[in-house]
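Order of the sequence lines fixes the chain letters, A, B, ..., with proteins taken first and strands second; residue numbering starts at 1 for each chain.
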Protein chains: 2
Amino acid sequence: MVSIKQIAQHVGVSTATVSNALTGKGRVSADMVDRIRRCADQLGYRPSPAARALKSGQSNILGLVMPDLTNPLFPRIAQSLSIAAEARGLGILIGDSRGDASRQQQAVMRLVDRGVDGLIIVPQKGTSPEAPRHVPTVIINTASDQRTTVSADHVGGGILLGAHIAGLGHNDVILLGGDRISQVQQDRIDGMTQGLGAAVTKHILWGKSAFDQLDRLVSQGATAIMATSDMLALGAHSALMQISLSVPADVSLTGFDDLPLGTAMHPALTTVVQNTQAIAEHSLDVLSCLILDRPAPPLGRVIPMHLVTRHSTAAPRRAANS
Amino acid sequence: MVSIKQIAQHVGVSTATVSNALTGKGRVSADMVDRIRRCADQLGYRPSPAARALKSGQSNILGLVMPDLTNPLFPRIAQSLSIAAEARGLGILIGDSRGDASRQQQAVMRLVDRGVDGLIIVPQKGTSPEAPRHVPTVIINTASDQRTTVSADHVGGGILLGAHIAGLGHNDVILLGGDRISQVQQDRIDGMTQGLGAAVTKHILWGKSAFDQLDRLVSQGATAIMATSDMLALGAHSALMQISLSVPADVSLTGFDDLPLGTAMHPALTTVVQNTQAIAEHSLDVLSCLILDRPAPPLGRVIPMHLVTRHSTAAPRRAANS
DNA sequence: AATGATTAATTAATCGTTTAATCAAATAAG
DNA sequence: CTTATTTGATTAAACGATTAATTAATCATT
């Protein structure tokens with residue numbers, strides 16, 4: 001590999017001058033800069049990241065810890081972060097926390113040992129990851145998580161959906177959660193509850209076993225099902241079809257997150273999107289400030305979600321119990 | 001941060017001795033090793049990756065370039081790679097090639113500039129990424145791609161599915177591809193064609209507009225639809241339901257890749273899984289050899305796929321045209 | 001007891017880059 | 001014409017770890 005030393009030799013100056021010329025610091029005459037630049041890219045010089053990291057104490061690399069990636073939302077966040085990081089000249093080292101909290105902790109440690117400048121953690125549901133004191137960290141979870149610096153407004157998203165469903169005239173609704181240990185899902189349920197308003201009857205069910213109760217509840221008058229994720233909504237849709245109920249004619253259905261499958265299924269799913277781009281940008285803004293020890297990064301910011309109305313929701317066939 | 005130098009000072013020896021004691025090289029007395037070890041973890045010493053990388057010329061970091069992550073299979077590969085890499089003491093730096101070939105090329109360059117020891121590239125469909133001469137690279141694509149060192153056996157997977165469908169007695173089948181530019185999908189189609197055998201009538205359709213033709217082809221006698229991905233299969237399923245055809249009673253349906261949505265939908269999708277774990281392991285084996293300049297890494301290996309029979313396939317209602 | 005072999009530690013150089021301190025030459029000011 | 005000041009470069013140290021070469025001390029051998 002060609003180093004600054006070789007350039008120095010070629011041009012006949014000291015390495016310090018080469019460094020100064022290339023980084024634009026110190027005093028170097030204009031035409032010397034020119035000669036050095038020319039020589040550098042003629043020789044195909046690429047600065048050594050290791051040497052820079054060693055000298056500066058900064059790797060320009062961030063660690064990203066993600067939960068099990070089966071949920072297609074996480075890759076989207078990862079991608080947004082990757083794009084945003086790249087724009088800031090930062091690299092992203094991935095760490096998988098697959099499964100339990102202890103592995104998550106291990107992943108954090110490994111990344112720190114690799115010399116990352118900062119960490120972005122999307123916690124396992126129900127866990128509280130801890131980063132070493134001296135490593136700047138941003139946690140992306142949900143607003144009601146006290147430690148969180150950045151998150152989508154899951155409650156707000158729920159409100160949007162709830163208001164939409166209530167606005168269509170539904171007044172007996174099933175709320176479907178996947179795992180009650182997840183604070184995100186709790187917040188979504190809370191939001192939906194708020195959005196629906198006090199007048200609407202609500203049945204909150206958790207887990208896949210809930211599918212079995214759909215039949216009974218619908219026959220007792222429920223006219224809409226609101227799931228805490230698109231995937232769950234797909235499952236509910238399948239369950240409904242088994243008992244010959246159609247969406248949205250018999251039952252309206254909503255999801256969360258706007259996954260690709262939401263447009264692949266029929267009817268296309270009414271759902272709520274989070275602006276992963278904005279979350280990524282803001283996470284990095286905060287993290288950059290923390291790393292540079294800059295004052296008062298705007299903490300606890302919440303990124304609004306947006307309603308995507310498609311064809312899985314409609315007015316109820318007739319008012320059920322009122 | 002605590003360095004080797006501070007330990008040396010504490011214990012009252014030279015840094016060389018500390019280094020030797022900690023790495024187990026050179027000559028150090030047993031109890032000196034003990035004292036140094038003790039002091040090291042009392043002070044909370046963590047070796048500097050930057051310094052090591054500078055001295056050794058190896059970063060122990062691999063670059064992973066992935067196409068647009070909307071396809072949920074890629075995260076799964078990323079996760080498998082991440083786990084396999086970790087077991088080998090390697091880190092993974094991600095690069096997003098979102099969209100076009102030129103960005104993919106940029107992503108490769110950026111990773112190389114960050115000093116990765118090697119690259120793993122999952123190419124954009126229809127592109128030929130190039131890594132700089134001196135950077136060991138493994139490409140994960142499909143066996144018919146000449147440059148590829150590792151891949152799932154997409155043709156074999158297709159054969160498995162084709163044989164399964166033919167074995168059930170179907171003899172008029174629709175093959176559904178998403179994008180004909182993708183070599184992977186071409187191979188899958190080829191495999192399915194082979195697996196079905198010469199006696200079966202095949203209609204090959206590409207793209208989402210193909211959904212419109214399903215009605216006609218089925219009424220003309222087609223009894224099964226085989227898609228090149230689970231997502232596409234979900235789309236087909238929705239299209240079928242719109243024209244009141246049920247799966248598998250009226251039409252059998254198969255996918256590819258065993259995505260989570262395959263079990264969320266009803267009936268659960270018959271599909272084919274790739275062993276991402278094995279692909280990851282083998283990729284890293286090959287890459288490690290290339291990096292260490294070891295001889296003859298087993299090239300062009302193909303990892304078999306496995307059939308997952310669920311409830312979206314059944315014997316045709318009655319033999320259509322024979 | 002003198003020589004050689006072995007053991008345990010140290011010295012010093014190195015990886016590639018940055019940067020504070022220094023220096024010589026040229027220019028400006030008195 | 002001497003004294004400041006500015007300019008453009010160099011020297012040398014530093015970042016943290018590794019390692020070949022070296023030295024000093026211990027032990028065994030004849």
Side-chain angles (χ1 to χ4, degrees), chain A residues 1-37 39-41 43-61 89 91 112-117 134 291-292, chain B residues 1-41 43-61 89 91 112-117 134 291:
Chain A
M1 285 297 81
V2 30
S3 74
I4 226 175
K5 197 183 273 183
Q6 333 216 4
I7 299 178
Q9 224 163 14
H10 255 255
V11 181
V13 292
S14 72
T15 63
T17 304
V18 176
S19 175
N20 283 332
L22 259 27
T23 59
K25 299 176 181 173
R27 304 187 179 299
V28 194
S29 66
D31 74 315
M32 179 54 75
V33 169
D34 212 54
R35 276 169 56 202
I36 291 176
R37 285 249 175 77
C39 179
D41 51 79
L43 295 182
Y45 167 74
R46 314 262 74 183
S48 150
R52 284 206 165 142
L54 177 57
K55 185 68 170 113
S56 69
Q58 301 243 315
S59 61
N60 287 324
I61 288 182
V112 170
D113 278 352
R114 283 201 187 279
V116 299
D117 292 340
H134 51 286
I291 289 174
L292 298 173
Chain B
M1 287 297 79
V2 30
S3 75
I4 224 175
K5 197 183 272 182
Q6 331 217 4
I7 299 178
Q9 226 162 14
H10 255 255
V11 182
V13 292
S14 73
T15 64
T17 304
V18 175
S19 174
N20 283 332
L22 259 25
T23 59
K25 298 175 181 173
R27 304 190 179 297
V28 193
S29 66
D31 73 312
M32 178 55 71
V33 168
D34 212 55
R35 274 170 56 203
I36 291 175
R37 285 249 176 77
R38 200 186 318 286
C39 179
D41 52 79
L43 296 182
Y45 166 75
R46 315 263 75 182
S48 150
R52 284 209 165 137
L54 177 58
K55 187 70 169 83
S56 70
Q58 301 244 314
S59 61
N60 288 324
I61 288 182
V112 170
D113 279 352
R114 283 201 187 280
V116 298
D117 292 339
H134 52 285
I291 290 173

Interatomic distance, [X] [atom1] vs [N] [atom2] [rounded to whole Å]:
| X | N | atom1 | atom2 | result |
| --- | --- | --- | --- | --- |
| B/Gln58 | D/dT19 | CD | C1' | 17 Å |
| A/Asn20 | C/dA21 | CG | C1' | 13 Å |
| B/Arg46 | D/dA17 | CZ | C1' | 15 Å |
| A/Asn60 | C/dT17 | CG | C1' | 14 Å |
| B/Met1 | D/dG16 | CE | P | 10 Å |

Please determine whether a side-chain nitrogen or oxygen atom of [X] lies at a distance below 4.0 Å from atom OP1 or OP2 of [N].
| X | N | answer |
| --- | --- | --- |
| A/Lys25 | C/dT18 | no |
| B/Lys55 | D/dT19 | no |
| A/Arg52 | C/dG16 | no |

Original post:
Quick one: salt bridge (Lys or Arg N to Asp or Glu O under 4.0 Å) partners of B/Arg46, sequence neighbours excluded?
Top reply: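 Partners of B/Arg46 under the salt bridge (Lys or Arg N to Asp or Glu O under 4.0 Å) test: A/Asp113.
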
**OP:** For B/Arg38, check salt bridge (Lys or Arg N to Asp or Glu O under 4.0 Å) against everything at least two apart and list the hits.
**Re:**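 B/Asp34.
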
**OP:** Name every residue in residues 27-37 of chain A that has at least one heavy atom under 4.0 Å from any atom of DNA chain C, in order of residue number, or write none if there are no such residues.
**Re:**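 The answer is none.
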
**OP:** Output the residues of residues 3-18 of chain B in contact with DNA chain C, where contact means a heavy atom of the residue under 4.0 Å from an atom of the strand; sort by number or write none.
**Re:**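 Listed by number, they are B/Val13, B/Ser14, B/Ala16, B/Thr17.
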
Find out whether [X] and [Y] are in side-chain contact, i.e. whether some heavy atom of one side chain is under 4.5 Å from a heavy atom of the other.
| X | Y | result |
| --- | --- | --- |
| A/Ile291 | A/Gln58 | yes |
| A/Pro47 | A/Arg52 | yes |
| B/Leu43 | B/Cys39 | yes |

Subject >> Closest to side chain of B/Leu54, choosing from C/dT17, D/dA17, C/dG16 >> reply: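 Nearest listed nucleotide: C/dG16.
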
Subject >> Verdict with reasoning, B/Val11 to B/Met32, per side-chain contact (heavy atoms from CB on, under 4.5 Å) >> reply: CA-CA 9 Å; B/Val11 182; B/Met32 178 55 71; 4.1 Å; yes

Original post:
Any donor and acceptor pair, going by atom type alone, linking the side chain of B/Thr15 with main-chain N or O of B/Ala8 inside 3.5 Å?
Top reply: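 The answer is no, because no donor-acceptor pair under 3.5 Å joins these two groups.
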
Subject >> Main-chain N/O of A/Ala40 paired to A/Gln6 side chain as donor or acceptor, under 3.5 Å >> reply: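 Judged by distance alone, no pair lies under 3.5 Å.
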
**OP:** Could you tell me whether A/Ser19 contacts a base, only the sugar-phosphate backbone, or nothing, with contacts defined as non-hydrogen atoms closer than 4.0 Å?
**Re:**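 Touches a base.
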
Original post:
NA contact type, A/Thr23, heavy-atom cut-off 4.0 Å: base, sugar-phosphate, or nothing?
Top reply: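 Sugar-phosphate: the residue A/Thr23, judged by heavy atoms under 4.0 Å, touches backbone atoms but no base.
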
Original post:
Any idea which heavy atoms bring B/Ile4 and B/Tyr45 closest together, and the distance?
Top reply: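 So the minimum-distance heavy-atom pair works out to N-CE1, 3.7 Å.
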
Original post:
Could you go step by step and tell me if B/Ile36 and B/Ile7 meet the side-chain contact (heavy atoms from CB on, under 4.5 Å) rule?
Top reply: CA-CA 7 Å; B/Ile36 291 175; B/Ile7 299 178; 4.2 Å; yes

Original post:
Bend across the helix from C/dA1-D/dT30 to C/dG30-D/dC1, to 10°, with axes taken over 5 pairs at each end?
Top reply: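 For the helix from C/dA1-D/dT30 to C/dG30-D/dC1, the axes at opposite ends meet at about 60°.
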
Subject >> Counterpart residues, side-chain contact (heavy atoms from CB on, under 4.5 Å), relative to A/Lys25 (two or more places apart) >> reply: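 Here the qualifying residues are A/Asn20, A/Thr23.
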
